[in-house]
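In each ligand, atom 1 is the first atom listed, and ligand 1 is the first ligand listed.
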Amino acid sequence: MKTLIVYDSFFGNTEKIAQAIGNSLGSKEDVETLRVSDIKLEQLIGLELIIVGSPTRVFKPTKAIMNFLNKIPLDSLKGVKVAAFDTRISTVDVNSRFLNILVKLFGYAAKPIADKLEKKGGSLIIPPEGFFVKDSEGPLKDGEPERAADWAKLIMKKI
Ligand SMILES: Cc1cc2nc3c(=O)[nH]c(=O)nc-3n(C[C@H](O)[C@H](O)[C@H](O)COP(=O)(O)O)c2cc1C
């Protein structure tokens, strides 16, 4: 199954999750894991599955991820399975009630990514997922790459 995992990452945490997903999904000929700045739209031709992931930055995906998603032509993901993930800080680790209210209101990056992929015609095959960092710049919480690998296995089961 021709699969592309597209990610952005400032401190390397989302990259690690993307790679864990890519490694769990299958062989190198079929599965490519690429940073969003290295993607050309032609690489979407013939895809069967695309997974897009971003760090959550001020409740949203990064600009580079949003620019990439906005550039995908309408309906060009028809027949393509899509999934979305982000990295984020857990509300249990945030000592601010105000910030937690904002998080409840504005959420994380994965949902708007999933919405955008569906808008371009993609079929969402699994709910958007978040993977946790311990602090603003990471590292990832223990066990998160393994959880990402399991999430990828769940995607395979749904296909
Ligand atoms: C400027 C900035 C804004 C952030 N905003 C949020 C946020 O709104 N919600 C959240 O859960 N984490 C937020 N974080 C934490 C990031 O999600 C964290 O840096 C990211 O998961 C790390 O991924 P990366 O190493 O791939 O960049 C923010 C971090 C920075 C530096």
Side-chain angles (χ1 to χ4, degrees), residues 3-26 28 30-41 43-44 47 49-72 77 80-120 122 124-156:
T3 300
L4 189 60
I5 299 147
V6 183
Y7 68 91
D8 199 8
S9 187
F10 288 90
F11 311 114
N13 301 283
T14 316
E15 181 169 49
K16 281 190 185 135
I17 296 294
Q19 279 161 357
I21 292 168
N23 292 336
S24 175
L25 279 179
K28 286 218 171 81
D30 281 348
V31 182
E32 267 198 297
T33 304
L34 292 174
R35 188 179 277 273
V36 66
S37 52
D38 296 334
I39 296 273
K40 293 193 180 71
L41 280 184
Q43 284 166 289
L44 302 188
L47 269 190
L49 168 66
I50 181 166
I51 303 174
V52 179
S54 173
T56 303
R57 304 275 289 202
V58 198
F59 317 109
K60 290 186 298 201
T62 65
K63 276 207 182 101
I65 287 288
M66 284 317 289
N67 285 342
F68 163 70
L69 293 170
N70 285 332
K71 272 196 230 145
I72 298 175
L77 295 181
V80 180
K81 296 174 179 69
V82 300
F85 69 94
D86 62 48
T87 55
R88 56 178 75 170
I89 296 180
S90 164
T91 48
V92 297
D93 296 326
V94 176
N95 266 336
S96 155
R97 266 186 74 193
F98 177 63
L99 205 57
N100 282 336
I101 290 167
L102 290 182
V103 166
K104 281 215 178 89
L105 281 174
F106 298 113
Y108 301 99
K111 174 79 167 76
I113 294 173
D115 290 349
K116 211 36 149 190
L117 289 167
E118 283 191 296
K119 252 196 182 158
K120 303 294 175 152
L124 192 68
I125 51 163
I126 194 163
E129 184 60 80
F131 298 96
F132 295 106
V133 290
K134 288 182 181 166
D135 213 332
S136 179
E137 297 189 5
L140 289 164
K141 285 199 162 188
D142 296 344
E144 289 302 78
E146 293 78 8
R147 197 163 68 80
D150 288 346
W151 186 67
K153 294 252 153 65
L154 209 62
I155 291 175
M156 288 312 281

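For T14, heavy-atom contacts with ligand 1 shorter than 4.0 Å involve the backbone as well as the side chain.
Cation-pi geometry between R57 and F10 is met: under 6.0 angstrom from the ring centre, within 45 degrees of the axis.
The P55 neighbourhood of ligand 1 comprises atoms 20 (C), 23 (O), 26 (O), 27 (O), with distances under 4.0 Å to a heavy atom of that residue. Heavy-atom contacts of F11 reach the following atoms of ligand 1: 19 (O), 24 (P), 25 (O), 27 (O) (cutoff under 4.0 Å). The ligand atoms of ligand 1 that sit less than 4.0 angstrom from a heavy atom of F59 are 7 (C), 8 (O). Close approach of ligand 1 to Y108 is summarised as follows: ligand atoms under 4.0 Å from at least one heavy atom of the residue are 11 (O). Per-residue contacts place V133 under 4.0 angstrom from the following atoms of ligand 1 (heavy atoms of the residue considered): 21 (O). Listed by number with element, the atoms of ligand 1 under 4.0 angstrom from any heavy atom of R88 are 11 (O), 17 (O), 21 (O).
Ligand 1 lies within reach of G12, whose nearest heavy atom is under 4.0 Å from it.
Ranking protein heavy atoms by distance to atom 5 (N) of ligand 1, first place goes to V58 N, 2.8 Å. Of all protein heavy atoms, the one closest to atom 27 (O) of ligand 1 is F10 N, 2.8 Å. Nearest non-hydrogen protein atom to atom 22 (C) of ligand 1 is N13 ND2, 3.7 Å. In terms of protein heavy-atom proximity, atom 21 (O) of ligand 1 is nearest to T87 OG1, 2.6 Å. Nearest to atom 14 (N) of ligand 1 among the protein's heavy atoms is T56 O, 3.3 Å. Looking from atom 30 (C) of ligand 1 to the surrounding protein, the closest heavy atom is R57 NH1, 3.8 Å. Atom 10 (C) of ligand 1 has its closest protein heavy atom at I89 N, 3.7 Å. Nearest protein heavy-atom contact of atom 29 (C) of ligand 1 is S136 OG, 3.7 Å.
Using a 4.0 Å cut-off between charged side-chain N and carboxylate O, D115 and K111 make a salt bridge. K134 and D142 are joined by a salt bridge, as a carboxylate oxygen and a charged side-chain nitrogen come within less than 4.0 angstrom of each other. Salt-bridge check for R147 with E129: passed, with a basic side-chain N closer than 4.0 Å to an acidic carboxylate O. For D8 and K63, the salt-bridge test fails: no basic side-chain N is under 4.0 Å from an acidic carboxylate O.
Remark: T91 pairs with N100, V103, Y108 by the side-chain contact (heavy atoms from CB on, under 4.5 Å) rule, at least two apart or across chains. Listed by chain and residue number, nothing satisfies the salt bridge (charged side-chain N to carboxylate O under 4.0 Å, His left out) test with D135 (two or more places apart in sequence, or in another chain).
Checking only distances, S9 does come within under 3.5 Å of ligand 1, N or O to N or O.
Using a distance-only test at 3.5 Å, with no hydrogens or angles considered, no donor-acceptor pair links the side chain of D86 to the main chain of P61. Listed for the T3 side chain is no donor-acceptor partner under 3.5 Å among the backbone atoms of V31.
Relative ring orientation between F131 and W151 is described as perpendicular, the plane-to-plane angle rising above 60° on a 0-90° scale split at 30° and 60°.
Here the side chains of I51 and Y7 are not in contact, with every heavy-atom distance at 4.5 Å or above.
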